[in-house]
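First comes the structure, then the notes that go with it.
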Amino acid sequence: MEKIQNFNIDGRYSLKLILNEQTPIVETNISPIYYKMSLIKSSGGGYHTSMANNPVYLSINNQTIVDKRIAYDFSTSTPCEIVVAEGTINVVHDDDGSKKIVYAASFTDNDNGRGSASISDSMDLTFIARASEVSASDAYIESTTTIIINRKSDKFTHTLRYECNNLSETIISRTSNQTYGWIIPSKFYQQIPTSKSINVKIYCDTYLNDTLIGTKETTFKAMINEELCKPTILLSKCEDINNKTIALTGSSNKLIAYFSNVKFSVDVFANANASISKCKLSCSDGKSVDITNYTVNNAMTVFNNVEGNIFTATVTDSRGITTTFSKQLSMEPYIKVTANPEVVRVTATGTKAKINLFGNYYVGPTSEKGSWNTLSVMFRYKKTSDPTWSSYTTLPVVQGLGTNYNCYHLENYEINADFDYKTQYDFEFIATDALMSANSKFILKVGQPNHWWNKDKFTHNTDVYLKSGNILLDYEVIDTW
């Protein structure tokens with residue numbers, strides 16, 4: 001752009017302004033503007049010089065370039081040009097890529113009275129095509145990601161596309177909306193059978209009418225919703241398979257601690273294109289087994305002699321997502337039967353002996369069939385030196401002791417037999433309930449008299465009191481007979 005304005009009557013003197021737009025810089029939305037402001041004498045003759053009293057002014061895009069007073073010299077007789085200002089300024093376009101600048105230039109000849117000249121106008125700069133920016137929020141697969149288009153002009157339309165591994169597709173074409181909700185398709189699961197997320201590229205093509213201005217891209221994360229995609233566990237069977245305990249409780253869904261054998265079976269399924277990588281079955285008593293072989297997605301084991309009543313399946317899929325399932329059965333807290341006997345002689349040198357006995361015996365909660373446990377306690381004996389045992393004798397034990405009802409006892413039960421005090425005897429006790437027997441042994445040692453003597457010594461096994469009431473601590477043999 002070049003503009004000239006005369007400032008004297010005969011037309012030999014003028015103000016000249018050149019404005020040229022350089023190549024726009026798309027990345028920064030800037031156009032460099034070259035400017036040159038000159039005083040021109042078009043032919044010879046006339047006045048030649050002036051003092052520095054002539055105001056000159058130039059502004060471009062509301063930016064003052066020159067505002068001062070100058071002197072000039074037109075002393076030559078030929079046409080000439082005096083450059084007042086020359087340079088380049090950067091003009092930032094509007095956000096949509098368009099820009100119109102205004103400019104103004106003026107000069108007044110105060111020294112020689114040739115008059116003044118002014119130039120003012122506007123100029124449209126080259127439109128800078130700017131592609132719209134795009135962003136997208138992270139989201140779960142099969143849920144909605146929000147795509148935001150930061151467009152530079154409401155004249156723009158946009159086509160959205162995605163790319164993910166070997167998947168690519170147009171989401172929407174030539175939309176004028178600035179936000180778009182896109183439901184991530186379920187086929188994305190196929191891309192990540194061993195991962196919990198994947199990066200997805202969104203491309204935004206910007207159009208002005210039918211002209212593609214440019215393309216911007218962004219990346220968001222498509223994720224697995226662990227709660228929705230975790231493995232599925234379905235209970236197949238969890239029950240007692242010990243016929244003996246089932247007969248006692250009346251139900252395969254009721255357990256007896258230490259004796260029930262539980263079959264625990266579950267069906268396991270991976271979801272969302274994953275696969276099962278680990279499966280563990282466990283009992284709350286600490287027993288567990290890792291399942292490596294499946295029969296039509298079924299995992300099964302048997303826990304023998306369980307002490308816990310909660311059975312748990314823990315399944316992990318190929319993405320590392322774990323889920324658990326637990327089944328609780330009722331359990332009677334069985335107490336193992338025991339026998340803790342004591343056999344004592346009634347007198348040290350007598351032939352009679354008596355039994356004191358204490359043991360555990362489960363009475364506990366009753367089943368649907370009533371109290372199922374029973375108790376029988378027997379004993380037998382023999383001389384230690386003799387291999388032949390007596391026949392068993394059943395003892396009349398008493399259930400409970402004080403507030404403890406899961407026990408039995410027997411006190412000072414005199415045995416209907418004689419035991420030579422000079423002989424040692426072996427005793428065996430057997431306590432039997434509905435589930436088990438407990439054996440315990442006891443030795444009845446040789447009886448020892450309180451004291452005895454002969455011509456050589458005096459022996460006592462208890463304290464000996466003198467007539468004075470004092471205890472005999474020691475003695476010395478002073479005579480024999």
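As a basis for the values below, the full set of heavy atoms in this structure was taken, side chains included, without hydrogen atoms, waters or symmetry mates. All values reported here derive from a predicted model rather than from experimental measurement.
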Please report the interatomic distance [atom1]([X]) to [atom2]([Y]), rounded to the nearest 0.5 Å.
X      : Y      : atom1 : atom2 : answer
Asn253 : Met331 : CG    : CE    : 13.0 Å
Ser31  : Phe127 : OG    : CZ    : 11.5 Å
Arg174 : Thr157 : CZ    : OG1   : 4.0 Å
Ser135 : Asn150 : OG    : CG    : 8.0 Å
Met378 : Thr432 : CE    : OG1   : 5.5 Å
Leu125 : Ile101 : CG    : CD1   : 5.0 Å

With the threshold set at 4.0 Å, does a side-chain nitrogen-carboxylate oxygen contact exist between [X] and [Y]?
X      : Y      : answer
Lys278 : Asp290 : no
Lys201 : Glu163 : no
Glu217 : Arg161 : no
Lys41  : Asp73  : no

Side chain to side chain contact (heavy atoms under 4.5 Å, CB included) between Ile33 and Asn20, intermediate numbers included: CA-CA 6 Å; Ile33 306 297; Asn20 287 328; over 6 Å; no

Pairing donors with acceptors under 3.5 angstrom, does anything connect the side chains of [X] and [Y]?
X      : Y      : value
Thr88  : Gln22  : no
Arg69  : Asn54  : no
Asp109 : Tyr72  : yes
Ser98  : Asp96  : yes
Thr312 : Ser326 : yes
Ser288 : Ser282 : no
Asn298 : Asp267 : yes
Asp433 : Tyr334 : yes
His158 : Ser132 : yes
Thr64  : Ser59  : no
Asp205 : Thr215 : yes

Okay, side chain of [X], backbone of [Y]: is any donor-acceptor separation there less than 3.5 Å?
X      : Y      : result
Asn177 : Tyr180 : no
Ser318 : Ser275 : yes
Tyr361 : Asn373 : yes
Asn406 : Val363 : yes
Ser38  : Ile40  : no
Asp285 : Lys287 : yes
Arg319 : Ser195 : yes
Thr338 : Asn360 : yes
Ser284 : Ile310 : yes
Ser277 : Asp317 : yes

Is there a side-chain contact between [X] and [Y] in this structure, where contact means two heavy atoms from C-beta onward sitting under 4.5 Å apart?
X      : Y      : answer
Phe303 : Leu281 : yes
Lys237 : Val262 : no
Glu21  : Pro24  : yes
Leu248 : Ile256 : yes
Tyr140 : Thr145 : no

Count the heavy atoms belonging to other residues, nucleotides or ligands that lie under 6.0 Å from CG of Asp210, then report whether that count exceeds 12.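 Result for CG/Asp210: open.
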
For atom CD1 of Ile183, is the number of surrounding heavy atoms from other residues, nucleotides or ligands below 6.0 Å larger than 12?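 No, not enclosed.
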
So which pairs with a foot in residues 80-92 pass salt bridge (charged side-chain N to carboxylate O under 4.0 Å, His left out), sequence neighbours left out? Lys36-Glu81

Which pairs count as salt bridge (charged side-chain N to carboxylate O under 4.0 Å, His left out) when at least one residue sits in residues 133-156, sequence neighbours excluded?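 Salt bridge (charged side-chain N to carboxylate O under 4.0 Å, His left out) check on residues 133-156 returns Glu133-Lys216.
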
Residues which pass ring pair (Phe, Tyr, Trp, His ring centres under 6.0 Å) with Phe188, listed by chain and number, not counting sequence neighbours: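 Phe188 satisfies ring pair (Phe, Tyr, Trp, His ring centres under 6.0 Å) with Tyr162 only.
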
Sorted by chain and residue number, the ring pair (Phe, Tyr, Trp, His ring centres under 6.0 Å) partners of Phe429 (sequence neighbours excluded) come out as Phe379

Angle between ring planes, Trp372 versus Tyr362, binned at 30° and 60°: parallel, tilted or perpendicular?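 The arrangement is tilted - the two ring planes meet at 30° to 60°.
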
Report the relative orientation of the aromatic rings in Phe311 and Phe264; use parallel for angles under 30°, tilted for 30 to 60°, perpendicular for over 60°.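 Correct class here is tilted.
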
Please name the pair of heavy atoms, one in [X] and one in [Y], separated by the smallest distance, quoted to 0.1 Å.
X      : Y      : value
Asn340 : Gly359 : ND2-CA, 4.1 Å
Asn199 : Cys164 : O-SG, 4.0 Å
Leu255 : Ser260 : CA-OG, 3.4 Å
His93  : Gly97  : ND1-O, 2.9 Å
Ala270 : Ile276 : N-CD1, 3.7 Å

Please enumerate all residues that pass side chain to side chain contact (heavy atoms under 4.5 Å, CB included) together with Asn242, with sequence neighbours excluded.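 In terms of side chain to side chain contact (heavy atoms under 4.5 Å, CB included), with neighbours along the sequence ignored, Asn242 is linked to Asp240, Lys244, Thr245, Asn261.
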
Verdict with supporting geometry, Glu169 and Lys187, salt bridge (Lys or Arg N to Asp or Glu O under 4.0 Å): CA-CA 12 Å; Glu169 206 167 20; Lys187 59 185 174 182; 3.3 Å; yes

Donor-acceptor contacts under 3.5 Å from residues 221-235 side chains, at least two apart:
from	atom 1	to	atom 2	distance (Å)
Asn225	OD1	Glu227	N	3.2
Asn225	OD1	Leu228	N	3.4
Glu226	OE2	Lys196	NZ	3.2
Glu227	OE2	Lys230	NZ	3.0
Thr232	OG1	Asn271	ND2	3.0

Between Val315 and Thr322, is the side chain to side chain contact (heavy atoms under 4.5 Å, CB included) condition met? List the steps. CA-CA 6 Å; Val315 177; Thr322 298; over 6 Å; no

Show, in sequence, the C-alpha distance, side-chain angles and deciding distance for Ile202 and Thr219, and conclude whether the side chain to side chain contact (heavy atoms under 4.5 Å, CB included) test is met. CA-CA 6 Å; Ile202 297 291; Thr219 301; over 6 Å; no

